[in-house]
Amino acid sequence: MPQVDFYILPSADPATRLAFACKLTEKAWRLGHRIYLHCQDAAQRDALNEQLWSFKDEAFLPHGATEEDADAPITLGLGDDPGSHHDLLINLALVVPPFCERFERIAELVVSEPAIRQASRTNYRVYRERGYPLQDHRLPRI
């Protein structure tokens with residue numbers, strides 16, 4: 001059963017989710033985890049890919065699209081197949097992915113933009129109804 005962590009970010013800007021996703025990915029990767037970043041659409045995946053290449057000058061995160069290399073330590077995906085990943089799911093989509101139960105940990109990134117906040121509340125209820133352990137992390141800054 002996955003542990004679900006909701007990271008409440010101090011911003012209304014949806015781009016803040018991508019910036020924090022990069023930081024969380026770097027931290028998890030350095031700890032030896034394999035990360036699947038589930039994106040809402042191709043535009044979001046392209047923006048996240050760009051940020052992962054450039055968010056830190058001294059950091060390199062080996063990543064790619066799931067369709068190109070499903071076994072990469074960090075993959076960015078869109079569909080219903082996260083490849084062989086089962087460690088950490090960072091969900092950037094607005095709905096709970098149908099494959100989420102196969103992961104050990106799930107991270108939901110929340111900003112105060114109304115559509116994202118509402119989707120996060122719905123996702124919280126879905127996870128709670130499934131009996132997953134839930135944790136909130138209210139971040140004072142990013």
Side-chain angles (χ1 to χ4, degrees), residues 1-128 130 132-142:
M1 179 177 302
Q3 163 71 42
V4 184
D5 295 287
F6 281 80
Y7 293 91
I8 315 302
L9 308 175
S11 175
D13 184 0
T16 304
R17 296 172 77 219
L18 300 185
F20 185 75
C22 291
K23 290 180 180 187
L24 186 60
T25 298
E26 179 191 26
K27 180 178 180 181
W29 181 72
R30 292 200 184 283
L31 292 171
H33 296 284
R34 296 181 70 229
I35 302 103
Y36 178 78
L37 293 120
H38 184 65
C39 300
Q40 178 71 23
D41 53 34
Q44 184 185 58
R45 180 168 71 176
D46 291 345
L48 181 59
N49 179 54
E50 185 65 33
Q51 281 196 324
L52 283 168
W53 280 112
S54 62
F55 88 104
K56 269 190 176 178
D57 289 337
E58 70 277 3
F60 170 72
L61 299 174
H63 69 280
T66 303
E67 304 84 33
E68 296 168 8
D69 186 1
D71 293 325
I74 302 168
T75 59
L76 288 68
L78 297 171
D80 291 340
D81 182 13
S84 63
H85 284 266
H86 58 82
D87 194 0
L88 172 61
L89 163 65
I90 299 176
N91 184 27
L92 296 166
L94 297 180
V95 297
V96 174
F99 52 79
C100 71
E101 71 280 346
R102 71 185 277 181
F103 285 84
E104 293 177 26
R105 305 253 348 212
I106 300 169
E108 292 274 347
L109 312 183
V110 184
V111 295
S112 59
E113 191 277 327
I116 294 171
R117 182 176 288 260
Q118 184 57 45
S120 298
R121 288 179 177 149
T122 301
N123 291 356
Y124 189 93
R125 282 192 295 275
V126 169
Y127 293 130
R128 186 181 61 207
R130 293 181 183 183
Y132 297 169
L134 304 170
Q135 176 107 27
D136 286 356
H137 306 277
R138 295 189 184 277
L139 304 178
R141 62 180 173 78
I142 298 176

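Taking each heavy atom of Pro14 and Glu113 in turn, the nearest pair found is CG-CG, 4.1 Å. Of all heavy-atom pairs spanning Ala70 and Arg34, the tightest one is O-NH2, 4.1 Å. The shortest heavy-atom contact between Glu101 and Pro98 is OE1-O, 3.0 Å. Nearest heavy-atom pair, Phe103 versus Pro2, reported as atom, atom and distance to 0.1 Å: O-CB, 3.1 Å. Closest approach of Tyr36 and Asp81 over heavy atoms only: OH-O, 4.1 Å. The heavy-atom pair separating Ala93 from Gln40 by the smallest distance is CA-OE1, 3.1 Å.
Counting only distance, with no hydrogens or angles, the side chain of His85 and the backbone of Ala72 share a donor-acceptor pair below 3.5 Å. With hydrogens and angles ignored, the 3.5 Å screen pairs a side-chain donor or acceptor of Thr122 with a backbone N or O of Gln118. Between the Glu68 side chain and the Gly64 main chain, no donor and acceptor come within less than 3.5 Å of each other.
Arg125 CZ to Ser120 OG: the interatomic distance, rounded to the nearest 0.5 Å, is 10.5 Å. To the nearest 0.5 Å, the span separating NE2 on His33 from CG on Leu88 amounts to 7.5 Å. The distance from the OG1 atom of Thr66 to the NE2 atom of His38 is 9.5 Å, given to the nearest 0.5 Å. Note: Leu24 CG to His137 NE2 = 9.5 Å, rounded to the nearest 0.5 Å. Annotation: the span from Arg141 atom CZ to Ser11 atom OG amounts to 15.0 Å, rounded to 0.5 Å. A distance of 5.5 Å separates CG of Leu18 from CD of Gln44, quoted to the nearest 0.5 Å.
Between Ser112 and Leu9 there is no side-chain heavy-atom pair separated by less than 4.5 Å. Contact of the Phe20 side chain with the Leu139 side chain is registered, since non-hydrogen atoms from C-beta on lie closer than 4.5 Å. Contact annotation: the side chain of Pro62 approaches that of Trp29 to within less than 4.5 Å [non-hydrogen atoms, C-beta and beyond]. Taking 4.5 Å as the limit, some side-chain heavy atom of Phe6 sits within range of a side-chain heavy atom of Leu134. Using a 4.5 Å cut-off on side-chain heavy atoms (C-beta onward), Tyr7 and Arg17 make no contact. Looking at heavy atoms from C-beta onward, Asn91 lies out of side-chain contact with Cys100 at the 4.5 angstrom threshold. The shortest side-chain heavy-atom distance between Leu109 and Leu92 falls under the 4.5 Å cut-off. Side-chain contact check for Ile116 versus Leu94: some heavy-atom pair is nearer than 4.5 Å.
Looking at residues two or more places apart in sequence or on another chain, you find a salt bridge (Lys or Arg N to Asp or Glu O under 4.0 Å) between Arg45 and Glu67. The side chain to side chain donor-acceptor pair (under 3.5 Å) check on Arg105 picks up Asp5, with sequence neighbours excluded.
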_Would Leu37 and Ile74 count as a side chain to side chain contact (heavy atoms under 4.5 Å, CB included) here? Give the steps._
CA-CA 8 Å; Leu37 293 120; Ile74 302 168; 3.6 Å; yes
_Test log, rule side chain to side chain contact (heavy atoms under 4.5 Å, CB included), inputs Ile35 and Ile90_ = CA-CA 7 Å; Ile35 302 103; Ile90 299 176; 3.8 Å; yes
_side chain to side chain contact (heavy atoms under 4.5 Å, CB included), that's the test. Do His86 and Glu104 meet it? Break it down for me._
CA-CA 6 Å; His86 58 82; Glu104 293 177 26; 4.0 Å; yes
*For side chain to side chain contact (heavy atoms under 4.5 Å, CB included), just list the numbers for Leu52 and Leu76, CA-CA rounded to whole Å, side-chain angles, deciding distance to a tenth of an Å, and then say yes or no.*
CA-CA 10 Å; Leu52 283 168; Leu76 288 68; 3.8 Å; yes
